[in-house]
Amino acid sequence: MEWPTTTHEGVAIQEQLRGRVIVADEDFPLRTVAGVDAGFEQDGTVARAAVVVLSFPDLAPVAHALARSPALFPYIPGFLSFREAPAILEALAMLDIPPDLLICDGQGIAHPRRLGIASHLGVLTGIPAIGCAKALLIGRHDLVPDERGGRAALIHRGEQIGYVLRTRPGVKPVYVSPGHRVSLDRAANLVMSCITRYRLPETTRYAHNLASHGTIPQPRKRP
DNA sequence: GCGACAG
DNA sequence: ATCTTGTCGC
């Protein structure tokens, strides 16, 4: 697989792959959900990608993989996948069995050319994917109800591209959008299914911890 | 031309 | 993303 060197080449690849993105509620087995994330070392020249597979809907870790590889593309809003996807694909390839669903730390179709990292990874792997970002890239939305599950449609150029979702009362919302093979509503509902007692889904939390601390935290002891 | 701008 | 201590609030 070839990766771009310039944003110009990047745009061409994104416009080419966007035609393969499927935004619809497809039928697929859902026994495992994977969180994917990336971290960096050496002044951002080396990427560390982590994938943690959880059973669904139990959300118990069942497998994981960690990959390190040189980061060849700089971080430029709108081109995140060219910086992180190479390492993430390596980590995914290390798994014995591919997960049924990917929840990525970034946007899905809520992207200028409708190909955020979740959609990009979804198309390249064929695995259903969802984008769950901590911040807005594009789009506008109304106020989000301050209650668990509260949501507001994310709109861009007159079309809905995702949901701004309040996973817990009193916290900043997350930006959820379909990556591949899932609908707008199912994307938001699935993210909520991965929420326990924190702002971010367990998938993202596990992957982030593995990528940055190299560890998989233990589930909280239930009172 | 002036802002906005995932991680 | 990453560099870093204490601090505010439930």
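Naming: A, B, ... by sequence-line order, numbering from 1 per chain.
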**Prompt:** Which residues in residues 112-144 of chain A have at least one heavy atom lying under 4.0 Å from any atom of DNA chain B?
**Reply:** A/Gly116, A/Ile117, A/Ala133, A/Lys134, A/Ala135, A/Leu136, A/Leu137
**Message:** If I take atom CD1 in residue A/Ile88 and atom C1' in nucleotide C/dA1, what distance separates them, rounded to the nearest angstrom?
**Reply:** 12 Å
**Request:** Round to a whole Å and report the spacing from CG of A/Asp37 to P of B/dA6.
**Result:** 15 Å
**Request:** Would you mind reading off the distance between A/Phe40 atom CZ and B/dA6 atom P, rounded to a whole angstrom?
**Result:** 14 Å
**Message:** Rounded at 0.5 Å granularity, tell me how far CZ in A/Arg199 sits from CG in A/Leu165.
**Reply:** 10.5 Å
**Prompt:** Rounded to the nearest 0.5 Å, how far does OG of A/Ser119 lie from CG of A/Leu124?
**Reply:** 10.5 Å
**Request:** State whether A/Tyr75 places a side-chain N or O below 4.0 Å from either non-bridging phosphate oxygen (OP1 or OP2) of B/dA6.
**Result:** yes
**Asked** Would you call A/Glu41 and A/Arg68 a salt bridge, using N to O less than 4.0 angstrom?
**Response** yes
**Asked** If you measure from the Lys or Arg side-chain nitrogens to the Asp or Glu carboxylate oxygens, is any gap between A/Glu84 and A/Arg48 under 4.0 Å?
**Response** no
**Asked** Can you tell me how far P of B/dG7 sits from CZ of A/Arg48, to the nearest Å?
**Response** 16 Å
**Prompt:** Is it true that the side chains of A/Tyr206 and A/Asp37 contain a donor and an acceptor less than 3.5 Å apart?
**Reply:** no
**Message:** Applying a 4.0 Å non-hydrogen cut-off, can you work out what A/Phe79 is touching in the nucleic acid: base, sugar-phosphate, or nothing?
**Reply:** base
**Prompt:** What does A/Asp43 touch in the nucleic acid at a heavy-atom separation under 4.0 angstrom: a base, only the sugar-phosphate, or nothing?
**Reply:** nothing
**Asked** Rounded to the Å, how far apart are A/Arg168 CZ and C/dG9 P?
**Response** 18 Å
**Message:** So, does A/His208 get its side chain near the phosphate of C/dA1, meaning an N or O under 4.0 Å from OP1 or OP2?
**Reply:** yes
**Item:** Aromatic ring pairing A/Phe73/A/Phe82, orientation class (parallel under 30°, perpendicular over 60°, tilted between)
**Value:** tilted
**Message:** Nearest 0.5 Å, please: how far is CG in A/Asp185 from OH in A/Tyr163?
**Reply:** 3.5 Å
**Asked** In whole Å, what is the span from the OH atom of A/Tyr175 to the P atom of B/dC5?
**Response** 9 Å
**Prompt:** Between atom CG in A/Leu80 and atom P in B/dA4, what is the gap in whole Å?
**Reply:** 21 Å
**Message:** Distance check needed: B/dG7 P versus A/Phe82 CZ, whole Å only.
**Reply:** 17 Å
**Asked** Contact class for A/Glu84 vs. all strands (heavy atom < 4.0 Å): base, sugar-phosphate, or nothing?
**Response** sugar-phosphate
